[in-house]
Amino acid sequence: MRAKTFLIGLSTGIVGGIAAVLFTTPQTGEQLRSNILENSKKAKENLLELKKQTINLKNATFSLKNEVENNIPKIITDLRDSISSFKQEIEPDAMKLKEEIEGLQKSITEIENNLSELNNKKSDEQ
């Protein structure tokens, strides 16, 4: 019973509100209907435009996803191949540099030994 009373009160309030708006509006009924029709057409156009943009966004996202799925593995493979070939290209130079560094270390050790012997000879002479 309470729900029925509430619904009757709500309906009466809505009808009374609509009647109050219609009677207090500064426009004639024809102007009001014209404005409502125009605004509903604009709202419909805006909704259609939003729908188009949503579809375009969906298509662009799908296209991007496909591009990523198709191209990323190829890019990774190409990158791995490039790194591998780079390692192979620099390997001979790296070996030469390693040999030269070892030779320089031997030379430094010999020079240090010679200096040490010279210092020992000078110390013995004095």
Counterpart residues, side-chain contact (heavy atoms from CB on, under 4.5 Å), relative to Leu64 (two or more places apart):
Val68
Residue pairs passing the salt bridge (charged side-chain N to carboxylate O under 4.0 Å, His left out) test with at least one member in residues 58-68, sequence neighbours excluded, are Lys65-Glu69
Look up atom CD1 in Ile76 and atom CG in Asp81, then write down how far apart they are to the nearest 0.5 Å.
12.0 Å
Taken in chain and number order and not counting sequence neighbours, the residues that satisfy side-chain contact (heavy atoms from CB on, under 4.5 Å) with Leu50 are Thr54
side-chain contact (heavy atoms from CB on, under 4.5 Å) partners for Ile111, two or more places apart:
Leu115
To the nearest 0.5 Å, atom CD of Glu49 lies from atom CG of Leu47 at 11.0 Å
For Leu118, the other hydrophobic cluster members (4.5 Å side-chain criterion, sorted by chain and number) are none
Side-chain donor/acceptor pairs under 3.5 Å, residues 82-108, sequence neighbours excluded:
residue : atom : partner : partner atom : Å
Ser82   : OG   : Asp78   : O            : 3.0
Ser85   : OG   : Ser82   : O            : 3.1
Ser107  : OG   : Gly103  : O            : 3.1

Please collect all salt bridge (charged side-chain N to carboxylate O under 4.0 Å, His left out) contacts where either partner lies in residues 30-43, sequence neighbours excluded, each pair once.
Glu38-Lys42
Partners meeting side chain to side chain donor-acceptor pair (under 3.5 Å) with Glu110 (sequence neighbours left out)
none
